[in-house]
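Read the structure below first, then the notes.
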Amino acid sequence: MAKVFNLADWARPEMLALKPYTSARDTFTAAEGEWTFLDANENPNATEVNRYPDPNQTELKKVIANLRGCDQDQLLIGNGSDEVLDLIIRAFCTPYKDDMLIMPPTYGMYAVLADINSIGMIKVPLDATFQLRPKEILAAVTPNTKAIFFCSPNNPSGNAFNSDDIQILLEEFDGIVVIDEAYIDFTDFSSWSIKLSNYPNLIVTQTLSKAFGLAGLRLGIAIASSEIIALLKRIKPPYNINSLSQENAMEVLRDTKTVNTQIAESISERKRLAQELNTFSWVVKTYPSDANFLLVKVDDAAKRYTELLDQHIVTRDRSSQENCENCIRFSVGTPQENDKLIAACKSLSE
Ligand SMILES: *Cc1c(COP(=O)(O)O)cnc(C)c1O
């Protein structure tokens, strides 16, 4: 049975009442035929970018909705997931009053965005195997907790969370549950977006920065009920996705064959890399990964990081994160790059 979620009980009243800016391109959308646009004070001399972009990203949404199996009105596109996550916080959390829950080690932007928006932060660390602790999480919820944020597969640990634990949170927490699926394309777990009809308090975020190879374009998405999406759309900057990004993304998304080949290669390389890394005496443990990176516990992370840097290989020392002491995160590269990494690792001191 679907959960009951009353948006008005959870959204910021100011955001619900907001009278959004109406842009020129919103007020009038051209139908077929020839039109003379004298409505937006643009430079009329045609270049690739002299006109404002489509504020609703209609064409791009068609392609993404088709790809992700959702309706267009269940989609919000942001300037990277970072903008999407920021919009969610601004829509639901009142500064200096509300708080949000995160489960470290997790993606660093959640805490930064909470700080920027002056939102309180409750932390309930993952367990030793980097899984959720639903009972402790629910016990930590306060009357002002408006949202729970986590990523599955998780960054930096790489694992996807147990579905049963996620389901408990979706069922027992009445506020917004944000599941950041930046790495969903690298795992066999299916997206939680297929459960949206059961959980109207769920917002799934995804990105074109990882599997789709478009980190430089800055495109993130939220998939949620049309009601939540409508609220987020009201508060987003009108022209948040530039026209070059919209066009470029459509081209890449239409060629799913290339993307799928690259994903398959990344997964097989992840397996190879883990096997190779485990042969080194200074590697303590390679954590299971459902993503395009591996978290690896080593004897001395600072030392190994520097040794690899000396060979011009840049990795990420995650030692400062909860439960990640002496852990280095390795992104999976091309087969050639991974060969380079393995060769470099072989040359390190025992
Ligand atoms: C990389 C990553 C993102 C991507 O953010 P963009 O702003 O879309 O590039 C989002 N969430 C997590 C957990 C990530 O690791």
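We count ligands from 1, going down the list as the structure has it; atoms in each ligand are counted the same way.
Between the choices Asp180, Asn155, Val84, the shortest heavy-atom distance to atom 12 (C) of ligand 1 belongs to Asp180.
The distance criterion of under 3.5 Å between nitrogen or oxygen atoms is not met by Tyr110 with respect to ligand 1.
Ring to ring, Tyr183 and Phe293 are close: their centroids are under 6.0 angstrom apart.
For ligand 1, the atoms closer than 4.0 angstrom to any heavy atom of Gly80 are 7 (O), 8 (O). Close approach of ligand 1 to Cys151 (heavy-atom distance below 4.0 Å) involves ligand atoms 13 (C). In the vicinity of Ser209, heavy-atom distances shorter than 4.0 Å reach the ligand 1 atoms 6 (P), 8 (O), 9 (O). Ligand-side atoms of ligand 1 in range of Ala182: 2 (C), 3 (C), 10 (C), 11 (N), 12 (C), 14 (C), range being under 4.0 angstrom from any heavy atom. The ligand atoms of ligand 1 that sit less than 4.0 angstrom from a heavy atom of Lys210 are 1 (C), 2 (C), 3 (C), 4 (C), 14 (C), 15 (O).
In this structure, the side chain of Asn155 does not engage the main chain of Tyr107 through any donor-acceptor pair within 3.5 Å.
Environment of CG in Asp255: crowded, with over 12 heavy atoms of neighbouring residues, nucleotides or ligands closer than 6.0 Å.
A distance of 14.5 Å separates CG of Leu253 from NZ of Lys62, quoted to the nearest 0.5 Å.
Contacts with ligand 1 closer than 4.0 Å are made by side-chain heavy atoms of Arg218 only, the backbone lying farther away.
Closest to atom 15 (O) of ligand 1 among all protein heavy atoms lies Tyr183 OH, 2.6 Å. Scanning the protein heavy atoms around atom 5 (O) of ligand 1, the nearest turns out to be Ser81 OG, 3.5 Å.
Between Lys146 and Asp98, at least one side-chain N (NZ, or NE/NH1/NH2) sits under 4.0 Å from a carboxylate O, which counts as a salt bridge.
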Show me the donor-acceptor pairs within less than 3.5 Å that the side chains of residues 219-228 make with the rest of the protein, sequence neighbours left out.
from: Ser225; atom 1: OG; to: Ile228; atom 2: N; distance (Å): 3.1

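Connectivity analysis of hydrophobic side chains (ILVMFWY, heavy atoms under 4.5 Å, direct or indirect) links Tyr21 to nothing; its cluster partners are none.
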